[in-house]
Amino acid sequence: MRKQTQDSESLLIRLLKEGSYEAFDKIYQLYAKRLYAYSLQFTKSPEESEEIVQDVFVRLWTNRAAIRQEDTLRSLLFIMAKHCLINAFRKKNQPTRIRRIHPLQK
């Protein structure tokens, strides 16, 4: 059974790399809810978690040609989610920069 899963995952990766919208949709259907639950554990925000999932799938589509055939979708997607979460936390916790305004000199 494990061999069949690996074969179907390899097929999905190959089709995705070729630009198949159907493969992309299948991957979304398989992993979106799990990625959302994973993100929600950290963000505690449904909206932020939805954005994380959206970012992961945008990056997956944008970088599909660079996916290695030996990658597993699950590990690839969760690593991407981890990176998106880190970026979101950095952005959220970035100190507000105050620009100094110099008075006009006469």
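Worth knowing before you read on, the calculation uses all heavy atoms, side chains too, and leaves out hydrogens, waters and symmetry mates.
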Is there a path of hydrophobic side-chain contacts, each under 4.5 Å between heavy atoms of I, L, V, M, F, W or Y residues, that connects [X] with [Y]?
{"X": "Ile13", "Y": "Phe78", "answer": "yes"}
{"X": "Val56", "Y": "Leu12", "answer": "yes"}
{"X": "Tyr28", "Y": "Tyr21", "answer": "yes"}

Rounded to the nearest 0.5 Å, how far apart are [atom1] of [X] and [atom2] of [Y]?
{"X": "Ile79", "Y": "Arg74", "atom1": "CD1", "atom2": "CZ", "answer": "10.5 Å"}
{"X": "Leu35", "Y": "Lys33", "atom1": "CG", "atom2": "NZ", "answer": "12.5 Å"}
{"X": "Leu15", "Y": "Ser20", "atom1": "CG", "atom2": "OG", "answer": "5.0 Å"}
{"X": "Met80", "Y": "Tyr31", "atom1": "CE", "atom2": "OH", "answer": "13.0 Å"}

Contact between [X] and [Y] at the side-chain level, heavy atoms closer than 4.5 Å - yes or no?
{"X": "Leu30", "Y": "Leu73", "answer": "no"}
{"X": "Ile67", "Y": "Leu60", "answer": "yes"}
{"X": "Cys84", "Y": "Arg59", "answer": "yes"}

Inset, instruction - Please check if the side chain of Thr43 supplies one atom and the backbone of Ser39 the other of a donor-acceptor pair under 3.5 Å. - result: yes
Inset, instruction - Check whether any side-chain N or O of Asn93 sits under 3.5 Å from a backbone N or O of Phe89 as a donor-acceptor pair, and report yes or no. - result: yes
Inset, instruction - Take Glu9 and Thr72, measure what side-chain contact (heavy atoms from CB on, under 4.5 Å) needs, and give me the verdict at the end. - result: CA-CA 7 Å; Glu9 193 167 276; Thr72 64; 3.2 Å; yes
Inset, instruction - Before accepting this row, confirm whether a basic side-chain N of the pair Glu18/Arg64 lies closer than 4.0 Å to the acidic partner's carboxylate O. - result: no
If I compare all heavy atoms of [X] with all of [Y], which pair ends up nearest, and what's the gap?
{"X": "Ala23", "Y": "Leu16", "answer": "CB-N, 3.8 Å"}
{"X": "Ile52", "Y": "Ala88", "answer": "CD1-CB, 3.9 Å"}
{"X": "Gly19", "Y": "Trp61", "answer": "O-CH2, 3.4 Å"}

Inset, instruction - Please say whether more than 12 non-hydrogen atoms of neighbouring residues, nucleotides or ligands are located less than 6.0 Å from OH in Tyr36. - result: yes
Legend entry - Other residues, nucleotides, ligands: >12 heavy atoms within 6.0 Å of Lys26 NZ: no
Legend entry - Tyr38 six-ring centre to Arg34 NZ/CZ under 6.0 Å and within 45° of normal: no
Inset, instruction - Kindly assign one of parallel, tilted or perpendicular to the pair Phe57 and Phe24, based on the angle between their ring planes and the thresholds 30° and 60°. - result: perpendicular
Inset, instruction - Check step by step if side-chain contact (heavy atoms from CB on, under 4.5 Å) holds for Asp55 and Asn87. - result: CA-CA 11 Å; Asp55 286 348; Asn87 290 339; over 6 Å; no
